[in-house]
2 protein chains.
Amino acid sequence: MGGVRTIARPRPARQEAAPPASPLPLDQIIQGDCIARMRALPDKSVDLIFADPPYNLQLGGELFRPDGTHVDAVTDDWDKFESLKTYDAFTRAWLAEAHRVLKDDGAIWVIGSYHNIFRVGVAVQDLGFWILNDIVWRKANPMPNFRGTRFTNAHETLIWASKGEKAKYTFNYRSMKTLNDELQMRSDWEFPICGGPERLKKDGHKVHPTQKPEALLYRVLLACTKPGDVVLDPFFGTGTTGAVAKRLRRRWIGIEREDGYIDAARARIAAALPLDESAIATMQSPRAQPKVAFGTLVETGYLAPGTMLSDAKRRFQAMVRVDGSLASVCGEVGSIHKLGCILQGTPACNGWTFWHHEADGRLQPIDTLRQTYLLATQP
Amino acid sequence: MGGVRTIARPRPARQEAAPPASPLPLDQIIQGDCIARMRALPDKSVDLIFADPPYNLQLGGELFRPDGTHVDAVTDDWDKFESLKTYDAFTRAWLAEAHRVLKDDGAIWVIGSYHNIFRVGVAVQDLGFWILNDIVWRKANPMPNFRGTRFTNAHETLIWASKGEKAKYTFNYRSMKTLNDELQMRSDWEFPICGGPERLKKDGHKVHPTQKPEALLYRVLLACTKPGDVVLDPFFGTGTTGAVAKRLRRRWIGIEREDGYIDAARARIAAALPLDESAIATMQSPRAQPKVAFGTLVETGYLAPGTMLSDAKRRFQAMVRVDGSLASVCGEVGSIHKLGCILQGTPACNGWTFWHHEADGRLQPIDTLRQTYLLATQP
DNA sequence: GAACTGAATGAATCGTGCC
DNA sequence: CGGCACGATTCATTCAGTT
């Protein structure tokens with residue numbers, strides 16, 4: 001099973017000091033075909049890829065060759081099987097490059113609709129990516145089905161995948177839980193479609209037909225990257241990914257073919273303001289806090305040797321010993337975690353929340369002592 | 001684009017008179033492998049297929065909740081496949097048979113999760129089916145992600161497809177709109193997971209690990225079939241499809257391998273009661289209806305179709321129909337508000353406070369049911 | 001009997017890091 | 001690479017048992 005790379009221990013800052021020389025064209029739009037341009041990027045060099053590929057809507061019969069170039073003059077009698085086959089080849093080609101340029105602990109997001117998402121999903125799996133979730137973007141204000149022939153198409157689907165089954169990946173669990181009112185963030189997200197002042201227009205017409213809302217990218221980048229991480233968007237369009245990345249102080253690379261989109265994206269990103277450093281800080285997993293050994297609490301007098309601990313239901317009791325180990329009334333000994341496992345008969349136990357001590361007339365988890373210690377000793 | 005076969009023009013009744021001799025094993029469970037058993041069915045013979053195939057979950061080791069209790073996972077042999085390739089071959093084989101036995105104006109529904117739905121979707125498209133919508137079942141009460149490693153997997157995906165791009169299909173647009181508060185039914189549906197008295201148990205244990213809620217099948221069958229239509233379920237399990245089909249006066253055929261599931265399904269379907277004929281009638285008028293928010297209560301079982309309502313003084317009576325419309329004893333039909341207007345001869349009527357149902361031996365306004373529903377489903 | 005409390009449970013691809 | 005210590009992690013609902 002894969003591993004979650006939480007924002008555990010402080011890593012060398014990449015942005016705060018002088019940015020290290022990078023072989024990557026950071027914070028730039030590269031003009032051209034996404035497959036060809038990705039080929040010019042080094043192996044294992046980006047932390048996250050967000051891709052919003054053509055949906056192959058089969059309305060006007062928009063088609064792409066395996067090299068990503070557009071097929072013109074499609075007629076109604078174009079064979080649908082050929083169309084799907086061609087779209088599959090195109091999808092596999094750009095996803096293969098995406099897999100190559102992704103760091104081993106990176107991840108990819110792809111958005112699509114029922115027209116193309118199944119083909120994208122199969123290609124993702126076949127290339128060795130490991131799907132972590134499929135996410136549903138529920139549109140708060142979708143376009144109705146005017147003819148009354150189907151259900152209102154009110155959502156799009158995103159696939160989130162790590163580089164492989166055993167690969168690590170970044171997931172800022174605490175940030176997501178905080179964002180969702182202290183409940184786990186679910187796989188269905190509701191956002192309005194992109195409109196109002198956020199929607200880029202030129203001469204009264206929308207610049208891009210499928211501009212994505214910034215809120216969507218905000219959640220993706222907040223969940224799966226850290227400040228300074230490099231985000232690649234091979235179908236950059238009008239640069240929603242770049243604008244949000246800049247705002248959240250992530251680095252970005254965009255690939256886009258069309259002049260009109262590139263111009264709009266450049267102006268948009270130039271106008272975007274990075275959030276204040278302090279605003280970028282997110283809720284951290286406990287892992288990110290300095291580690292406190294249970295023995296330290298004994299050593300420093302926060303908990304006296306000889307103190308009796310028990311679980312919340314007072315089924316089990318144990319005594320604190322001078323070295324920070326516990327001894328149960330039955331004679332078993334071990335660390336706070338180990339003894340919790342033994343007594344409960346479970347393979348895992350968090351001793352910090354399992355064991356309680358008597359304070360102010362009631363049982364409190366010993367984790368509160370750890371918090372007190374941290375508050376008292378941290379600057 | 002396909003054509004919608006609405007229930008506009010009256011067709012010869014199939015059920016009211018003597019049922020015509022059918023080569024199909026109607027209202028029966030056929031024991032055996034679904035591919036082999038489908039081969040014995042004639043070409044173009046069923047109106048709808050609902051399929052809940054194995055998801056190929058590929059679960060790893062044991063999983064424990066934070067409180068140390070064990071999670072009862074799906075470990076059945078029927079969900080194990082050697083590889084994705086094997087799973088693809090299996091999927092294409094049963095879908096090919098499904099395509100053959102389906103009438104030209106029939107349709108198919110398949111449910112799955114991110115583990116398998118992309119592979120299913122590609123097979124559906126490659127076999128010539130034409131996807132009409134993908135539908136998201138949002139679980140009101142999903143199982144959390146206990147390790148905090150991903151987003152809560154809070155939904156499953158259904159694919160709805162016609163037999164081909166130009167094929168006709170049935171879509172009861174009015175029924176869906178009535179059911180959804182006079183708004184077009186969207187592609188995201190919220191239902192609780194199957195539990196409580198609806199969940200089949202034996203010796204205190206669930207009979208089937210993945211029993212689907214009847215509300216889900218209720219909406220599918222109401223949207224896409226007419227009374228008397230034949231519904232085939234090649235992965236019948238404990239017979240949710242059969243039970244709902246019988247309730248809605250549709251014919252059904254189930255294919256299932258395992259004795260335990262078949263026994264449970266037979267008993268369950270035998271106990272299911274077909275709704276009153278008049279309750280089955282669906283709204284056919286294209287006219288706009290006054291706004292109601294009533295269909296959900298019917299769909300979720302807060303108020304059974306066929307229930308008689310009356311006003312507070314018992315001067316007027318009306319029966320609840322499957323799509324949330326009411327039919328008076330005089331034959332008038334309409335939403336709860338509209339029928340109140342008609343019967344009283346008033347220009348406006350709040351159906352929520354006008355209509356009452358018998359509960360605890362006395363009449364209570366149906367608005368109390370709405371309140372109950374809201375209390376039960378809102379955070 | 002109503003109200004409250006605690007236990008049980010659901011289609012789940014559910015760790016990291018040191019030695 | 002394996003083995004093992006450390007320690008991070010849950011929401012809505014139902015149902016049984018108690019007050």
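Protein chains get the first letters and strands the later ones, always in sequence-line order, with residue 1 at the start of each.
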Rounded to whole Å, the CZ-P distance (B/Arg138 to D/dA12) equals 13 Å

Sorted by chain and residue number, the side-chain contact (heavy atoms from CB on, under 4.5 Å) partners of B/Phe64 (sequence neighbours excluded) come out as A/Pro347, B/Glu62, B/His70

- Under 4.0 angstrom, heavy atoms only, what part of the nucleic acid is A/Ser335 near: base, sugar-phosphate, or nothing? sugar-phosphate

Hits for side-chain contact (heavy atoms from CB on, under 4.5 Å) against B/Ala154, two or more places apart or cross-chain, chain-then-number order -> A/Arg186, A/Ser187, A/Asp188, B/Pro142, B/Thr152

- If only side-chain N and O atoms of A/His337 are considered, is one of them under 4.0 Å from the OP1 or OP2 phosphate oxygen of D/dC6? no

note: B/Asn145, atom CG; D/dA8, atom P; distance rounded to Å ~ 16 Å

* So what does A/Ile131 touch, heavy atoms closer than 4.0 Å: a base, only the sugar-phosphate, or nothing? -> base

Sequence neighbours excluded, the answer for side chain to side chain donor-acceptor pair (under 3.5 Å) partners of A/Arg315 is A/Asp311

Handout entry: Under 3.5 Å: donor-acceptor pair, side chain of A/Ser328, backbone of A/Glu332
Key = yes

Classified by glycosidic angle (syn within 90° of 0, else anti), C/dT13 comes out syn

Quantified in whole Å, what is the P atom distance between nucleotide D/dG7 and nucleotide C/dC19? 14 Å

- Query: What interatomic distance, in whole Å, is found between P of C/dA11 and the corresponding atom of D/dC6?
  - Reply: 37 Å

Rounded to whole Å, the NZ-P distance (A/Lys166 to C/dC14) equals 9 Å

I'd like the C1' distance from D/dA8 over to C/dG10, given in whole Å. 22 Å

Dot-bracket assigned to DNA chain C with the 3.5 Å Watson-Crick/G-U criterion, [ ] for crossing and | for other-strand pairs, is .|||||||||....|||||

Suppose you measure atom P in C/dT9 against the same atom in D/dT9; what distance do you get, rounded to whole Å?
25 Å

Determine the Euclidean distance between corresponding C1' atoms of D/dT10 and C/dA8; express it in Å to zero decimal places. 13 Å

Applying side chain to side chain donor-acceptor pair (under 3.5 Å) to B/Asp67 and not counting sequence neighbours gives B/Thr69

Under 4.0 Å, counting only non-hydrogen atoms across every strand here, what does A/Arg370 touch: a base, just sugar-phosphate, or nothing? sugar-phosphate

Under 6.0 Å from the six-membered ring centre of A/Trp189 and within 45° of its axis: does the NZ or CZ of A/Arg138 meet both?
no

- Task: Using the P atom on both, measure D/dA5 against C/dA12 and round to a whole Å.
- Result: 31 Å

Rounded to whole Å, CD1 of A/Ile336 lies from P of D/dG7 at a distance of 7 Å

Open item on the list: For C/dG15 and B/Arg147 - does any side-chain N or O of the residue sit under 4.0 Å from the phosphate oxygens OP1/OP2?
Closed with: yes

Check your understanding: With a cut-off of under 6.0 Å to the ring centre and 45° to the axis, is B/Lys80 in cation-pi contact with B/Trp78?
Key -> no

From CD of B/Glu190 across to P of D/dC11 the rounded distance in Å is 17 Å

B/Glu198 atom CD is separated from D/dA12 atom P, nearest whole Å, by 20 Å

From CD1 of A/Ile366 across to C1' of D/dC6 the rounded distance in Å is 13 Å

query: Is the distance from OP1 or OP2 of D/dT10 to the nearest side-chain N or O of A/Tyr173 less than 4.0 Å?
result: yes

Which pairs of donor and acceptor atoms, one on a side chain in residues 200-207 of chain B, lie under 3.5 Å apart (sequence neighbours left out)?
none

From CH2 of A/Trp355 across to P of D/dG7 the rounded distance in Å is 16 Å

Across the strands shown, which category fits B/Gly196 at heavy-atom distances under 4.0 angstrom: base, sugar-phosphate, nothing? sugar-phosphate

side-chain contact (heavy atoms from CB on, under 4.5 Å) filter on B/Ile262, not counting sequence neighbours, yields B/Ile29, B/Gln31, B/Glu256, B/Arg266

Check B/Arg119 with A/Asp126, please: is the shortest side-chain N to carboxylate O separation under 4.0 Å?
yes

Residues passing the side-chain contact (heavy atoms from CB on, under 4.5 Å) test with A/Thr178, sequence neighbours excluded, are A/Arg174, A/Glu182, A/Met283

With the criterion being N/O to N/O and under 3.5 Å, what pairs connect the protein with nucleotides 7-12 of chain C, and how long is each?
unit_1, atom_1, unit_2, atom_2, d
C/dA7, OP1, A/Lys313, NZ, 3.3
C/dA7, OP2, A/Lys313, NZ, 3.4
C/dG10, OP2, B/Lys206, NZ, 2.8
C/dG10, O5', B/Lys206, NZ, 2.9
C/dG10, N7, B/Arg65, NH2, 2.7
C/dG10, O6, B/Arg65, NE, 3.1
C/dG10, N2, B/Pro142, O, 3.3
C/dA11, OP2, B/Arg199, NH1, 2.9
C/dA11, OP2, B/Arg199, NH2, 3.2
C/dA11, OP2, B/Pro209, O, 2.8
C/dA11, N7, B/Lys212, NZ, 3.2
C/dA11, N6, B/Pro53, O, 3.2
C/dA11, N1, B/Tyr55, N, 3.1
C/dA12, O3', B/Asn153, ND2, 3.1
C/dA12, N1, B/Gly61, O, 3.3

Between A/Gly351 and A/Lys177, whichever has its closest DNA chain D nucleotide further toward 5' is A/Gly351

